[in-house]
Structure formats: C-alpha cells, structure tokens
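For reference, the structure discussed in these notes is given below.
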Amino acid sequence: MAGAAGRMGQAVVAAVEGAEDLELTGRADPALGTALAGVLDDADVVVDFTRPETALDNALRCVAAGVHVVIGTTGFDVEPLREAAAPAGHRRANVFVAPNFAISAVLMMRFAAEASRHMARAEIVELHHDGKLDAPSGTAARTAQLMQGEVPIHSVRLPGLVAHQEVILGDVGQSLTIRQDSYARESFMPGVLLAIRRVPDLAESPLVGLERLLF
Ligand SMILES: NC(=O)c1ccc[n+]([C@@H]2O[C@H](COP(=O)([O-])OP(=O)(O)OC[C@H]3O[C@@H](n4cnc5c(N)ncnc54)[C@H](O)[C@@H]3O)[C@@H](O)[C@H]2O)c1
C-alpha cells in the first residue's frame, strides 16, 4: 500500500486485511518512514493513494519492477503511463487507474454522459473535504470528459465533506440534477478490491475508469 498512513490508505489497508483472498505485504509512506522501494519485492500489486506529484513516479517504479499497480490518486497526467513498458526480462505489469472507485459515482458519470446528449447545457459542482489537494476533482474532470459540449466545473472545499458531486443540466423551462455522495471512505473499497483482483489480467494497460471493469 503506497500512502498507507493517509485517509484512503488506512481504509484500503483495513479492507485488504479483511479480504480472505488478499494479503497485505507492505506499507509505504514517508509518514511511516517506509519507501516504496522497500515494499516492491514482496508485492504482486501496489495500490497508490498518495499525492498528485508522486503517483506517476510511483507507478513508473512499479511497472519497471514488474509489479501491477492500481492508482486512485487524482490530479496527475496519466499519459506518460501509456509509453511506460516493462523492461525486457521482466513480466508484464499492468496499470489500472480510477478517479473514483465508488459504484454510485460511476453510475453518476454514466447517467450524466447520457443526459448531456439530450440537454442544451450542463455545469458540474464538485464538493470535497478541505484536505483535498487537487481542484477540480479527478471525478469532475472525468465526468466532463465523458459529457458532450463544454462543461464548466465549480469546486467547493469545506470541512465535514467527504466527496460529493452535482451535475446540473439545463434546457428551456427545465433542469435535471444528478447528485452523488460518498459519506465515508468505505464507499470506495469494493471498487478498490475489485481492481486489485482484476489488474493482473487486464487486456489493455493503462486502463482508466472503474466502469471498464464493471460494464
Ligand atoms: N479514486 C478514488 O476513488 C479516490 C477517493 C478518495 C481520494 N482519492 C485520491 O487519493 C489521494 C489520496 O487521498 P487522501 O485523502 O488519502 O490523502 P492523504 O493526504 O490523507 O494521504 C496521502 C498519503 O500519501 C503519503 N505519501 C506522500 N508521498 C508518498 C510517496 N512517494 N510514497 C508513498 N506514500 C506517499 C502521505 O504521507 C500521506 O500519508 C488523493 O489524490 C485523492 O484525490 C481518490
């Protein structure tokens, strides 16, 4: 687990320890005094919930070591991962990236994409806890990417929030609001565990979006 001491990292550690078919082999986090390099040898899969400026470098190190990686960190460019290939002599390592591991968020993105084909305009309001480093959120950016037309994004950061988003679509005399709320980090865990189990067998890499594993 990369980012094992963080909010998401602690939740993933607990989820993996609670899963009978998975074994936690290491916790990497500067806050624990442990580096990723020190846990790579024992891992089949690394899960990364770190920071926007470290996730890409961590993923490249994993791929170079032949270790699959599941990335939940948001706010970084995934493009360089497309060029990253495992060096000769190493087994192929896959990369799976999801800006949001909650099933309700994946459904929200899907319904928003569908609705945007029928409504004149749309805007996104994303709301997160005030410890979140990136804005707009990875989920909002991904939602806008999946929708038709230009979709402005508004970011709210307040204590007490976890992860929430409203997609508001407007047309003559009518509007539609699609709202998704993650009230607790446990909402992301079924998606993270699914990705850990499936990442070794991906047909393409990097694969982006939990919907690619679900539908
Ligand atoms: N994909 C999703 O469903 C989802 C859900 C929630 C949060 N997130 C994203 O996950 C990331 C982490 O969020 P958080 O709230 O847990 O943050 P956090 O700040 O609580 O935790 C991040 C942890 O990473 C550690 N870290 C920093 N550099 C590291 C490195 N090089 N190697 C290993 N660990 C390192 C930090 O010490 C910290 O403990 C953010 O980018 C956030 O947007 C994604």
Side-chain angles (χ1 to χ4, degrees), residues 1-16 24-40 43 45-65 67 69-78 81 95-109 126-143 145 153 155-165 180-196 199 206-214:
M1 180 68 222
R7 285 172 286 247
M8 285 297 289
Q10 291 181 49
V12 174
V13 163
V16 168
L24 184 75
T25 56
R27 297 165 210 246
D29 196 310
L32 301 173
T34 48
L36 181 67
V39 303
L40 272 184
V45 177
V46 164
V47 180
D48 187 291
F49 281 93
T50 58
R51 303 170 74 95
E53 66 274 16
T54 56
L56 177 64
D57 189 49
N58 280 356
L60 293 173
R61 283 169 198 263
C62 292
V63 171
V67 178
V69 55
V70 170
I71 308 175
T73 310
T74 57
F76 75 99
D77 182 14
V78 299
L81 289 170
V95 180
F96 177 79
V97 189
N100 201 311
F101 280 96
I103 180 65
S104 55
V106 172
L107 292 170
M108 173 267 295
M109 288 188 253
E126 56 94 344
L127 311 92
H128 284 81
H129 62 89
D130 57 347
K132 184 170 176 63
L133 295 178
D134 55 324
S137 72
T139 302
R142 176 78 176 151
T143 309
Q145 192 183 46
I153 301 171
S155 301
V156 177
R157 298 287 175 268
L158 287 173
L161 298 175
V162 179
H164 318 263
Q165 178 166 305
Q180 187 271 338
D181 297 276
S182 277
Y183 301 110
R185 293 184 173 80
E186 287 71 28
S187 64
F188 306 112
M189 294 308 121
V192 174
L193 296 184
L194 177 71
I196 294 171
V199 69
L207 191 68
V208 180
L210 188 66
E211 67 276 10
R212 303 290 304 275
L213 299 183
L214 293 173

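For the single chain, residues carry numbers from 1 onward in sequence order. Just follow the structure's listing: the first ligand is 1, and inside any ligand the first atom is 1. Quantities reported herein were computed from a predicted structural model and do not represent experimental measurements.
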Which of these, [options], has its nearest heavy atom closest to [atom]?
{"atom": "atom 34 (N) of ligand 1", "options": "Gly131, Ala105, Gly3", "value": "Gly3"}
{"atom": "atom 32 (N) of ligand 1", "options": "Thr54, Asn58, Asp48", "value": "Asn58"}
{"atom": "atom 37 (O) of ligand 1", "options": "Val97, Val12, Asp29", "value": "Asp29"}
{"atom": "atom 43 (O) of ligand 1", "options": "Thr139, Thr74, Val162", "value": "Thr74"}
{"atom": "atom 16 (O) of ligand 1", "options": "His128, Met1, Met8", "value": "Met8"}

Please set out all donor-acceptor pairs under 3.5 angstrom arising from side-chain atoms of residues 155-165, sequence neighbours excluded.
{"unit_1": "Ser155", "atom_1": "OG", "unit_2": "Glu126", "atom_2": "OE2", "d": "2.7"}
{"unit_1": "Arg157", "atom_1": "NH1", "unit_2": "Glu126", "atom_2": "OE1", "d": "2.7"}
{"unit_1": "Arg157", "atom_1": "NH2", "unit_2": "Glu126", "atom_2": "OE1", "d": "3.2"}
{"unit_1": "Arg157", "atom_1": "NH2", "unit_2": "Glu126", "atom_2": "OE2", "d": "2.8"}
{"unit_1": "Arg157", "atom_1": "NH2", "unit_2": "Asp134", "atom_2": "O", "d": "3.1"}
{"unit_1": "His164", "atom_1": "ND1", "unit_2": "Asp181", "atom_2": "OD1", "d": "2.8"}
{"unit_1": "His164", "atom_1": "NE2", "unit_2": "Val162", "atom_2": "N", "d": "3.0"}
{"unit_1": "Gln165", "atom_1": "OE1", "unit_2": "Ala140", "atom_2": "N", "d": "3.4"}
{"unit_1": "Gln165", "atom_1": "NE2", "unit_2": "Thr143", "atom_2": "OG1", "d": "3.0"}

Have a look at ligand 1 and work out which part of [X], if any, has a heavy atom under 4.0 Å from it: side chain, backbone, both or neither.
{"X": "Arg51", "result": "side chain"}
{"X": "Ala98", "result": "backbone"}
{"X": "Phe188", "result": "side chain"}
{"X": "Pro99", "result": "backbone"}

Would you mind checking which non-hydrogen protein atom is closest to [atom], with the distance to 0.1 Å?
{"atom": "atom 44 (C) of ligand 1", "answer": "Gly72 O, 3.0 Å"}
{"atom": "atom 4 (C) of ligand 1", "answer": "Phe49 CE2, 3.7 Å"}
{"atom": "atom 40 (C) of ligand 1", "answer": "Thr50 O, 4.0 Å"}
{"atom": "atom 35 (C) of ligand 1", "answer": "Pro30 CD, 3.3 Å"}
{"atom": "atom 3 (O) of ligand 1", "answer": "Phe101 N, 2.8 Å"}
{"atom": "atom 21 (O) of ligand 1", "answer": "Gly6 CA, 3.2 Å"}
{"atom": "atom 18 (P) of ligand 1", "answer": "Arg7 NH2, 3.8 Å"}

Regarding ligand 1, does [X] bring an N or O atom to under 3.5 Å of one of the ligand's N or O atoms?
{"X": "Thr73", "result": "no"}
{"X": "Ala102", "result": "no"}
{"X": "Gly9", "result": "no"}
{"X": "Pro52", "result": "no"}
{"X": "Lys132", "result": "yes"}
{"X": "Ala2", "result": "no"}

Asp134 neighbourhood, listing ligand 1 atoms whose heavy-atom distance to it stays under 4.0 Å: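 Selected atoms, number and element: 43 (O).
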Which of the ligand 1 atoms, numbered from 1, are nearer than 4.0 Å to a heavy atom of Ala5: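 Every atom of ligand 1 under 4.0 Å from some heavy atom of Ala5: 39 (O).
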Got [X] and [Y] here, is their nearest side-chain heavy-atom distance under 4.5 Å?
{"X": "Ile103", "Y": "Pro190", "value": "no"}
{"X": "Thr54", "Y": "Thr73", "value": "no"}
{"X": "Val70", "Y": "Phe101", "value": "yes"}
{"X": "Val78", "Y": "Pro206", "value": "no"}
{"X": "Leu56", "Y": "Leu81", "value": "yes"}

With the threshold set at under 4.0 angstrom, would you say [X] reaches ligand 1 through any of its heavy atoms?
{"X": "Ala163", "answer": "no"}
{"X": "Gly75", "answer": "no"}
{"X": "Leu36", "answer": "no"}

Rounded to the nearest 0.5 Å, what separation is found between the [atom1] atom of [X] and the [atom2] atom of [Y]?
{"X": "Arg185", "Y": "Gln10", "atom1": "CZ", "atom2": "CD", "answer": "9.5 Å"}
{"X": "His129", "Y": "Ser182", "atom1": "NE2", "atom2": "OG", "answer": "10.5 Å"}
{"X": "Met8", "Y": "Thr50", "atom1": "CE", "atom2": "OG1", "answer": "12.0 Å"}
{"X": "Met1", "Y": "Phe49", "atom1": "CE", "atom2": "CZ", "answer": "6.0 Å"}
{"X": "Lys132", "Y": "Thr74", "atom1": "NZ", "atom2": "OG1", "answer": "3.5 Å"}
{"X": "Leu213", "Y": "Leu194", "atom1": "CG", "atom2": "CG", "answer": "5.0 Å"}

For [X] against [Y], the heavy-atom pair lying closest together:
{"X": "Asn100", "Y": "Phe188", "answer": "OD1-CE2, 3.3 Å"}
{"X": "Val16", "Y": "Leu24", "answer": "CG1-N, 3.8 Å"}
{"X": "Ala102", "Y": "Gln180", "answer": "CB-NE2, 4.2 Å"}

Set of side chain to side chain contact (heavy atoms under 4.5 Å, CB included) partners for Arg61, sequence neighbours left out: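 Arg61 satisfies side chain to side chain contact (heavy atoms under 4.5 Å, CB included) with Leu36, Asp57 only.
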